[in-house]
K.L.:
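Before anything else, here's the structure in question.
Just follow the structure's listing: the first ligand is 1, and inside any ligand the first atom is 1. Keep in mind that what you see is a predicted model, and the values were worked out from it rather than measured.
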Amino acid sequence: MSTVRFETPDYDAEAPVLVVGAGAAGLVAALAARGDGADVVVLERDPLPRGSTALSAGLIPAAGTRWQAAAGVEDDPERFARDILAKAEHEPDPADVARLASLSAPVLEWLADAHGLDVSLVDDFRYPGHSALRMHGLPSRSGEELVDRLREAAEAADVAILTGAHATTLFATGDRRVTGVEIARPDGSCERIGCGALVLACNGYGGNRELVGRHIPQMRDALYFGHPGNQGDAVLWGEALGAATRHLSGHQGHGSVAHPHGILITWACLMEGGVQVNAEGRRFADESHGYSEAAAGVIAQPGGIAYSIFDARIAGIARQFEDFRQAEAQGAVIEAPDAATLAARLGLPADALAGTLSEVERLKAQGAADAFGRDFAGVPPLVPPYRAVRVTGALFHTQGGLVVDANARVLDPAGTPLPNLHAAGGAACGISGSKASGYLSGNGLLTAVGWGYAAGRAAAALSRRRPLSSSAAIPS
Ligand SMILES: Cc1cc2nc3c(=O)[nH]c(=O)nc-3n(C[C@H](O)[C@H](O)[C@H](O)COP(=O)(O)OP(=O)(O)OC[C@H]3O[C@@H](n4cnc5c(N)ncnc54)[C@H](O)[C@@H]3O)c2cc1C
């Protein structure tokens with residue numbers, strides 16, 4: 001139970017900068033604060049830092065990077081910001097979006113140069129809503145590798161990461177200054193750690209069914225595919241401290257999680273020319289809109305199930321993702337030489353499936369749009385043998401959260417920063433607005449890495465009581 005107590009206890013230890021959560025946001029915040037000379041302690045409830053970061057594909061969007069330049073990709077932060085705002089129908093604060101878009105390239109280059117992350121550009125697939133190739137990832141394209149490399153970098157930088165340290169209570173003064181945190185240990189003991197500045201990097205409330213039901217009722221019973229430890233502590237603590245929250249109904253869903261295997265199947269399978277059908281063998285949506293809003297559409301199909309159908313060429317593209325390779329290894333990817341065999345293997349009505357696939361190919365050949373509005377012009381044909389995966393829709397993570405300023409300081413409803421509280425990643429209000437459709441691929445890790453960096457630097461400055469500029473310089 002996350003609570004705030006307005007009292008100042010005796011502390012067992014003190015940390016100038018204390019971070020709750022060791023996912024991408026917390027570890028980047030710790031590295032940034034450490035880079036500015038602050039001593040940092042990170043509290044992580046799990047025995048090993050994983051978080052939703054480890055469940056992700058680890059792809060971070062960034063505009064104007066050297067990797068894009070090397071690949072001849074033209075891009076810049078303004079263009080990136082336009083894409084984010086267009087996807088979210090201009091709901092997010094444009095200043096937040098501009099700040100994160102402008103931080104994206106220098107922070108990624110800093111992670112590569114100062115902390116050895118082996119970053120490269122995903123150059124064979126453009127994610128829906130992005131007007132340029134701008135997804136970057138580590139060699140395995142897995143979030144597990146991302147969180148492991150960040151943890152190793154933090155350890156190398158002498159960041160203290162306390163695992164098995166579940167933050168349960170914040171202590172604050174009457175003017176909302178957080179003086180420290182109580183942690184519960186696996187053996188049932190408690191410790192209290194005082195702090196100069198606190199960074200909340202404990203993600204959102206996707207793992208808290210009661211909060212999901214309150215803020216996102218249509219996803220109350222959906223499979224939650226994020227990290228179960230993300231119980232909404234940041235929002236609950238922030239509310240108790242009088243902080244502002246925004247867009248609590250915002251979330252990222254995903255309409256393509258292999259079922260029952262529980263493995264993410266990249267949306268590239270559909271964007272590259274694949275389609276989804278339901279148990280009746282019929283399509284039900286424009287798959288090119290995006291995977292986030294597709295979740296509710298898949299959940300609404302009979303049994304909450306759909307089948308993603310593609311071919312060997314597309315499987316070759318998808319195979320760059322560790323998740324897809326896992327799905328193949330576990331038998332989630334069905335192969336069939338023709339539509340009739342595919343229908344038999346999936347248990348779908350053969351005539352309906354054959355009709356659906358031939359109609360899709362007719363539209364592709366004609367470069368026409370379908371009744372759902374999907375434009376098939378220029379989309380390559382599906383060439384047998386086919387591949388297919390039985391999938392369901394899932395809630396990945398929440399996008400609403402604590403309202404922050406350009407330095408990731410938590411604000412109250414009047415826009416006044418709380419004295420020493422910062423939020424990053426899923427703990428902060430994201431840049432996806434109030435609807436699932438507002439989520440542009442990569443918004444999750446962009447806010448983790450971008451706000452993490454801003455929060456870490458701001459917390460370090462605060463812990464040294466240095467004046468804080470809103471455009472803190474990026475380390476070279
Ligand atoms: C399957 C999946 C795929 C995704 N793919 C992508 C992608 O490719 N690109 C992208 O941009 N985004 C992606 N996302 C979203 C992305 O993973 C998240 O937005 C991002 O990881 C959030 O980072 P975070 O550091 O805020 O949270 P997390 O990585 O979840 O870290 C939060 C940490 O806080 C800890 N914690 C929570 N409460 C407490 C507490 N009280 N005390 C101590 N510790 C606590 C948790 O144990 C956890 O380790 C994906 C998400 C999922 C689920």
K.L.:
When you check the side-chain N and O atoms of Glu322 and Ser142, is any donor under 3.5 Å from an acceptor?
P.N.:
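Result is no, nothing qualifies.
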
K.L.:
Taking heavy atoms and a distance under 4.0 Å, where does Gln231 meet ligand 1: side chain, backbone, both or neither?
P.N.:
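None of Gln231 does.
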
K.L.:
Tell me the contacting part of Asp233 for ligand 1: side chain, backbone, both, or neither, using a 4.0 Å heavy-atom threshold, strictly below.
P.N.:
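For Asp233, the contact with ligand 1 is made by the side chain alone.
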
K.L.:
Heavy-atom contacts under 4.0 Å between His227 and ligand 1: side chain, backbone, both, or neither?
P.N.:
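It is the side chain that gets close, since no backbone atom is under 4.0 Å.
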
K.L.:
Give a yes or no on whether the backbone of Val178 and the side-chain of Asn420 come within a donor-acceptor separation of less than 3.5 Å.
P.N.:
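Looks like yes, one N/O pair under 3.5 Å.
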
K.L.:
Using the six-membered ring wherever Trp is involved, compare the ring planes of Trp110 and His115 and label them parallel, tilted or perpendicular (cut-offs 30° and 60°).
P.N.:
perpendicular

K.L.:
Examine the proximity of ligand 1 to Thr53 and report which part, side chain or backbone, both or neither, has a heavy atom under 4.0 Å away.
P.N.:
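Near ligand 1, Thr53 shows its backbone as well as its side chain.
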
K.L.:
Which residue and atom name correspond to the protein heavy atom nearest atom 50 (C) of ligand 1, and how close is it?
P.N.:
Ser56 CB, 3.5 Å

K.L.:
Out of Leu170, Leu162, Asn230, Leu236, who is nearest to atom 46 (C) of ligand 1 when you count heavy atoms only?
P.N.:
Asn230

K.L.:
Distance only, no hydrogens: is a donor on one side chain within 3.5 Å (strictly under) of an acceptor on the other, for Glu287 and His289?
P.N.:
no

K.L.:
May I ask whether Gly58 places a heavy atom under 4.0 Å from ligand 1?
P.N.:
yes

K.L.:
Using a 4.0 Å heavy-atom cut-off, which part of Ala427 comes near ligand 1: side chain, backbone, both, or neither?
P.N.:
neither

K.L.:
Which one holds for Pro61 and ligand 1: side chain close, backbone close, both close, or neither close, with close meaning a heavy atom under 4.0 Å?
P.N.:
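Contact part for Pro61 vs ligand 1: neither.
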
K.L.:
Test His397 against every option in Tyr439, Tyr205, Phe225 by the ring pair (Phe, Tyr, Trp, His ring centres under 6.0 Å) rule and name the one that passes.
P.N.:
Tyr439

K.L.:
Counting only heavy atoms from other residues, nucleotides and ligands, does the tally under 6.0 Å from CD of Glu239 exceed 12?
P.N.:
yes

K.L.:
Is it true that Arg149 and Glu152 have a side-chain N and a carboxylate O under 4.0 angstrom from each other?
P.N.:
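Yes, Arg149 and Glu152 are salt-bridged.
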
K.L.:
Hey, does Ala165 sit under 4.0 Å from ligand 1 if you only count heavy atoms?
P.N.:
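Under 4.0 Å: yes for Ala165.
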
K.L.:
Measuring from atom 40 (C) of ligand 1, which candidate in His166, Gln252, Glu44 has the nearest non-hydrogen atom?
P.N.:
His166

K.L.:
If you measure from atom 32 (C) of ligand 1 to every heavy atom of Ala448, Gly51, Ala201, which option wins on shortest distance?
P.N.:
Ala201

K.L.:
Got an N/O contact under 3.5 Å between Ala424 and ligand 1?
P.N.:
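No, since none of the N or O atoms of Ala424 sits under 3.5 Å from an N or O of ligand 1.
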
K.L.:
Should the pair Trp267 and Tyr291 be assigned to parallel (<30°), tilted (30 to 60°) or perpendicular (>60°) ring geometry?
P.N.:
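Rings of Trp267 and Tyr291: perpendicular, over 60°.
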
K.L.:
Who gets closest to atom 1 (C) of ligand 1 by heavy atom: Leu146, Val20, Leu55?
P.N.:
Leu55

K.L.:
Yes or no: does Pro49 have any heavy atom under 4.0 Å from an atom of ligand 1?
P.N.:
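Distance cut 4.0 Å: Pro49 fails for ligand 1.
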
K.L.:
For a quick check under 3.5 Å, do Thr168 and Arg45 share a side-chain donor-acceptor pair by atom type?
P.N.:
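The criterion, which ignores hydrogens and geometry beyond distance, is not satisfied for Arg45 and Thr168.
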
K.L.:
So, Arg214 and Glu210, do they make that salt bridge, N to O below 4.0 Å?
P.N.:
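Answer for the salt bridge query: yes.
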
K.L.:
Is the closest heavy atom of Tyr439 to ligand 1 under 4.0 Å?
P.N.:
yes

